[in-house]
Structure formats: structure tokens, C-alpha cells
Number of protein chains: 2
Amino acid sequence: MTGLRARQKEDRSRKILDAARTLFEKNGIEGTKIEDIANHAGVSGVTVHNYYRTKAGILINLIIENDSLLLDKLETRCTQENLFDLSVMFSRTIAEHAVSNLRKVVWRQVIAAVTTDNAGDIASAYFEQDQKLARFLIGKIRSLQRDGCIPASVNVEHLGKAIFHLQNARFIQFVCSEELTSDDVAHRIRNDLSAMFAVNPPGSAAVKIHPQN
Amino acid sequence: MTGLRARQKEDRSRKILDAARTLFEKNGIEGTKIEDIANHAGVSGVTVHNYYRTKAGILINLIIENDSLLLDKLETRCTQENLFDLSVMFSRTIAEHAVSNLRKVVWRQVIAAVTTDNAGDIASAYFEQDQKLARFLIGKIRSLQRDGCIPASVNVEHLGKAIFHLQNARFIQFVCSEELTSDDVAHRIRNDLSAMFAVNPPGSAAVKIHPQN
DNA sequence: TTGTAAATCTTTAGTGAGTAAAAATTTTTA
DNA sequence: TAAAAATTTTTACTCACTAAAGATTTACAA
């Protein structure tokens with residue numbers, strides 16, 4: 001049995017988040033004061049801070065809510081049977097999804113907060129989601145390797161993380177520029193991977209390495 | 001002949017930057033108020049804002065000052081005759097240089113500001129420096145290709161940018177974690193590149209692409 | 001040399017995010 | 001049902017940042 005207190009808490013956080021979404025949509029992030037959100041949600045300004053700490057804290061929760069469907073979408077669309085097309089679709093899907101409900105400016109604010117709020121709750125929440133996406137990609141790549149599409153000598157953990165980081169860099173570039181489209185992202189990832197995959201391993205690339213993130 | 005006005009401006013911006021560097025070092029960024037910097041430099045708080053706009057604006061100038069020697073350092077150290085070692089040294093040198101005079105927190109603040117201040121002066125200054133570094137790497141890679149170390153079919157622009165973005169992702173990870181060392185960066189880039197270079201080009205990787213960033 | 005124009009700085013006043021703590025309120029529980 | 005615990009609101013504060021008016025200094029032309 002959930003106590004009244006727990007239900008009220010749930011209710012308030014919902015109201016605050018809904019108010020924030022509405023007002024951000026209507027007046028923009030800069031044009032929305034914490035006080036406005038508080039009024040709209042029927043609580044005091046300090047309560048908003050108590051629930052979400054900062055404006056970016058509200059935003060990261062909008063993103064998390066939005067991203068609950070992303071993994072399903074990836075599962076549906078990332079069925080390619082070669083590494084190249086898989087990676088491109090992975091990147092494209094993430095970019096498209098990111099802007100399907102939220103504006104780029106939301107992402108910029110959150111990424112900035114994650115960068116500074118070292119190991120804070122915002123950073124943790126963001127990294128957790130990132131982690132899930134990276135695991136997904138690595139899993140797909142592992143399947144490809146099992147099917148013989150990727151040499152058995154390749155470390156799929158390393159490969160997956162490398163491609164994920166590349167995707168991430170292009171994603172940040174994407175949200176930092178209002179002009180760039182998800183087509184552009186796919187296109188650039190294509191260029192990145194074509195070039196990288198066309199380089200034959202030099203002798204020194206066979207350096208022995210111990211596993212690490 | 002430089003007028004008195006120009007000299008005073010030069011002098012003031014120097015004093016502000018020196019005061020900022022000193023106080024940041026002594027009391028940390030959070031522990032240093034704009035007013036403190038102003039007092040220490042002998043100007044008013046508003047003048048500090050007029051000169052550097054924001055706290056991050058001061059920081060980016062500290063970074064620019066610091067980075068004036070980076071390209072020389074890269075030129076000296078990046079003499080490898082294979083792509084793999086070159087890329088690793090490139091990444092390592094940037095990471096080492098970044099923390100040789102400034103703390104990681106400075107980089108975090110600036111990267112955050114660059115992310116949000118879309119197309120502002122802070123972002124421009126940062127991207128300009130990034131651009132120089134990317135051009136440097138591409139130049140080196142082009143030399144390698146001329147020497148026959150890289151297949152002629154590889155687009156060096158694309159390859160250079162891909163590796164640079166990967167380096168950038170690892171660099172951000174580096175400054176976002178107080179634990180990570182430049183050895184760790186080198187190590188991870190090694191893992192990234194070993195995996196990427198070991199993947200043989202799938203048929204679909206030969207997609208025709210037109211040049212773009 | 002001197003007075004006016006232009007540039008620059010300081011003062012003043014304000015907005016808004018975020019924090020801390022005391023006071024008021026509500027829920028829980030014994 | 002009254003005391004204890006949790007939670008919210010009120011209050012008061014710090015600090016970054018901005019805008020505009022007023023003061024000061026430099027530049028320059030007569």
C-alpha cells in the first residue's frame with residue numbers, strides 16, 4: 001500500500017514536469033522562470049528546486065521520459081547484417097529520436113550540465129542512458145561477429161565503444177547546430193566509418209592491450 | 001602608434017586575466033567572485049563583464065593563452081611514421097598539455113559554455129582552436145598517405161576528422177573525470193583504433209559519398 | 001592650448017538561479 | 001488523538017549577469 005505521502009510526491013513531480021514541458025514549449029527555456037513553473041504546478045519555487053535541484057535537472061527528466069521508447073525503436077530499426085549500415089542506422093535513429101519530441105536546446109543545456117556536474121545526479125542519469133545505448137550497440141556487434149561478419153580477432157567491446165564515442169561526438173555536433181539534420185549525421189558517420197574501415201592495420205596496431213572501459 | 005586608449009585596454013585585460021588566474025588557482029573557480037577579480041585587478045565588476053562577458057569567457061582566454069604552445073609541441077612530438085602511433089601521440093599530447101597549466105575543471109566549464117553558447121564568441125574561439133588541431137592531424141595523415149603508409153583510396157579529410165572526433169570524445173571523458181590520466185587516454189585511443197582498423201571494409205562501406213565537413 | 005566629441009569606466013538598480021534555515025503544515029504512527 | 005516525522009512554504013540571502021544613467025578620461029580639431 002503506497003502511503004498518501006508517496007502518492008503526493010509522485011503527483012507533485014508529475015505536475016512540475018508537465019508544467020515545465022508546457023511552459024518550455026510555449027516560452028522557451030530562457031523565457032521560463034522556475035517561479036512560473038512553480039505557479040503553474042501549484043507549488044512554491046523552492047519546492048521545484050527541492051524536487052529537481054536545477055533547471056537542467058528538470059530537463060534531464062524530460063529527456064529520460066522521452067528516451068524510454070528509444071531502445072525499442074533501436075531494436076526495431078537496427079537489423080542490418082553488416083557493421084557499417086548498422087552503425088549508421090544506430091546513429092541516425094538516435095539523432096532522429098532526440099529531436100522528435102524535444103528541441104535541440106534542451107539537449108545542449110543537459111549536455112552542458114552533465115559536463116560540469118561531475119558525478120552529480122544529472123551526470124549519473126545521463127551516463128546511465130548512454131551506457132544502455134552502448135551496451136545495445138555492442139550486443140548487436142557481437143551478433144555480427146558470431147555470424148562471421150566481423151573477424152574473430154576483433155574485440156567487440158572496444159569496437160562498440162569506439163563507434164559509440166564517434167556517434168556521440170557527431171550527436172553533440174548535431175544538437176549544437178540548429179542547421180544540421182539527422183541526414184547530415186548519418187552522412188558524416190558514413191564518411192567517418194568508410195575512412196576508418198579502409199585503413200589496414202599497421203604492424204604497431206597489434207599492440208597487446210588489457211581490457212578497460 | 002598605439003594610442004593611450006589601446007594601451008590601457010591591453011593593460012586592463014591583462015590585469016584582469018592575471019588576477020583571475022591567481023585567484024582561481026588560490027580559491028578555485030567557484031570560490032572566486034567576479035567582484036574579487038575586479039578588486040584584485042583594480043577595476044569595477046561591470047568592467048570585468050565588459051571585457052570577458054562571463055566567467056567562462058575568462059576561462060576560455062586562459063585556455064587560449066595556454067594553447068599558444070600546443071601546436072609547436074604537437075609538431076615536435078608527432079613524428080610517427082604510422083597512423084596508429086601518430087594518432088595515439090596526438091591524443092596523448094593534447095591531454096597532457098591540457099592539464100599542464102590548467103585544472104580539469106577549467107576545461108569542463110569551458111566545454112559546457114561552448115555547448116550552450118551556440119555560435120557565441122566563446123564557442124567561436126574554442127572551435128577555431130579545434131579547427132587548427134584537426135587541420136594539423138589531417139596534414140600529418142596526408143603525409144603518411146604520400147609516403148605510402150595509407151592506401152591512396154582513403155579520404156584523408158574524412159579519416160582525419162573521424163580520428164579527431166574520437167580523440168575529442170576521449171578528451172572530454174578525460175577532463176570530466178578527475179581520476180583519468182593521459183595514459184588512460186592514450187590507452188583507450190589505442191583500443192579504439194585497434195578495433196576500428198581491424199575491421200575489414202564490408203561491401204556496403206564502398207558507398208559513394210560527396211565531400212562535406 | 002583648450003574646448004568639445006567620443007570612448008570608456010563606474011555607479012546604480014534590477015532580474016533570476018540557486019541555497020540555507022526557520023516556521024508552518026500535513027501525514028504518520030504509537 | 002497527541003506526539004513524532006516528513007514535507008512545504010516563507011524568508012532572507014549570495015552571486016552571475018544585464019541595462020542604463022552619470023562621471024571621467026582620452027582624442028582631436030580649431
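First the proteins, then the strands, lettered A, B, ... as listed; each starts at 1. Atom set for the values below is all heavy atoms of this structure, side chains included, hydrogens, waters and symmetry mates excluded. Being a predicted model, the structure only gives us computed values, none of them experimental.
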**Prompt:** What one-letter contact string describes nucleotides 21-30 of chain D from 5' to 3', where B marks a base within less than 4.0 Å of any protein heavy atom, S marks contact via sugar-phosphate atoms alone, and - marks no contact?
**Reply:** ----BBS---
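- Of the residues in residues 49-61 of chain A, A:His49, A:Arg53, A:Thr54, A:Lys55 come within less than 4.0 Å of DNA chain C through at least one heavy atom, sorted by number.
- The pair B:Lys161-A:Asp192 does not meet the salt-bridge criterion, since no charged nitrogen lies less than 4.0 angstrom from a carboxylate oxygen.
- Distance B:Gln109 CD to D:dC15 P: 16 Å, rounded to the nearest Å.
- Among the atoms of the strands shown, only primed sugar atoms or phosphate atoms (P, OP1, OP2) are found under 4.0 Å from some heavy atom of B:Arg12.
- Under the 30°/60° scheme for interplanar angles, the aromatic rings of A:Phe90 and A:Phe136 are found to lie parallel.
- Contacts with DNA chain C (heavy atom under 4.0 Å) in residues 26-47 of chain A: A:Thr32, A:Lys33, A:Ile34, A:Val46, listed by number.
- Each salt bridge (Lys or Arg N to Asp or Glu O under 4.0 Å) pair with one or both residues in residues 49-78 of chain A, not counting sequence neighbours, appears once here: A:Arg14-A:Glu65, A:Arg21-A:Glu65, A:Arg53-A:Asp117, A:Arg53-A:Asp121, A:Glu75-A:Lys140, A:Arg77-A:Glu96.
- Atom CG in B:Asp117 sits about 10 Å away from atom P in D:dC17, given to the nearest Å.
- A donor-acceptor pair is defined here as one N or O able to donate and one able to accept, closer than 3.5 Å; no such pair exists between the side chain of A:Asn27 and the backbone of A:Phe24.
- The salt bridge (charged side-chain N to carboxylate O under 4.0 Å, His left out) search around B:Asp130 returns none, not counting sequence neighbours.
- Note on B:Lys15 versus B:Glu10: no salt bridge recorded, every NZ/NE/NH1/NH2 to OD/OE distance being 4.0 Å or above.
- A:Arg170 and A:Gln173 share a donor-acceptor pair across their side chains, judged by distance under 3.5 Å alone.
- Residue pairs meeting the salt bridge (Lys or Arg N to Asp or Glu O under 4.0 Å) criterion with at least one partner in residues 24-46 of chain A, sequence neighbours excluded, are A:Glu25-A:Arg103.
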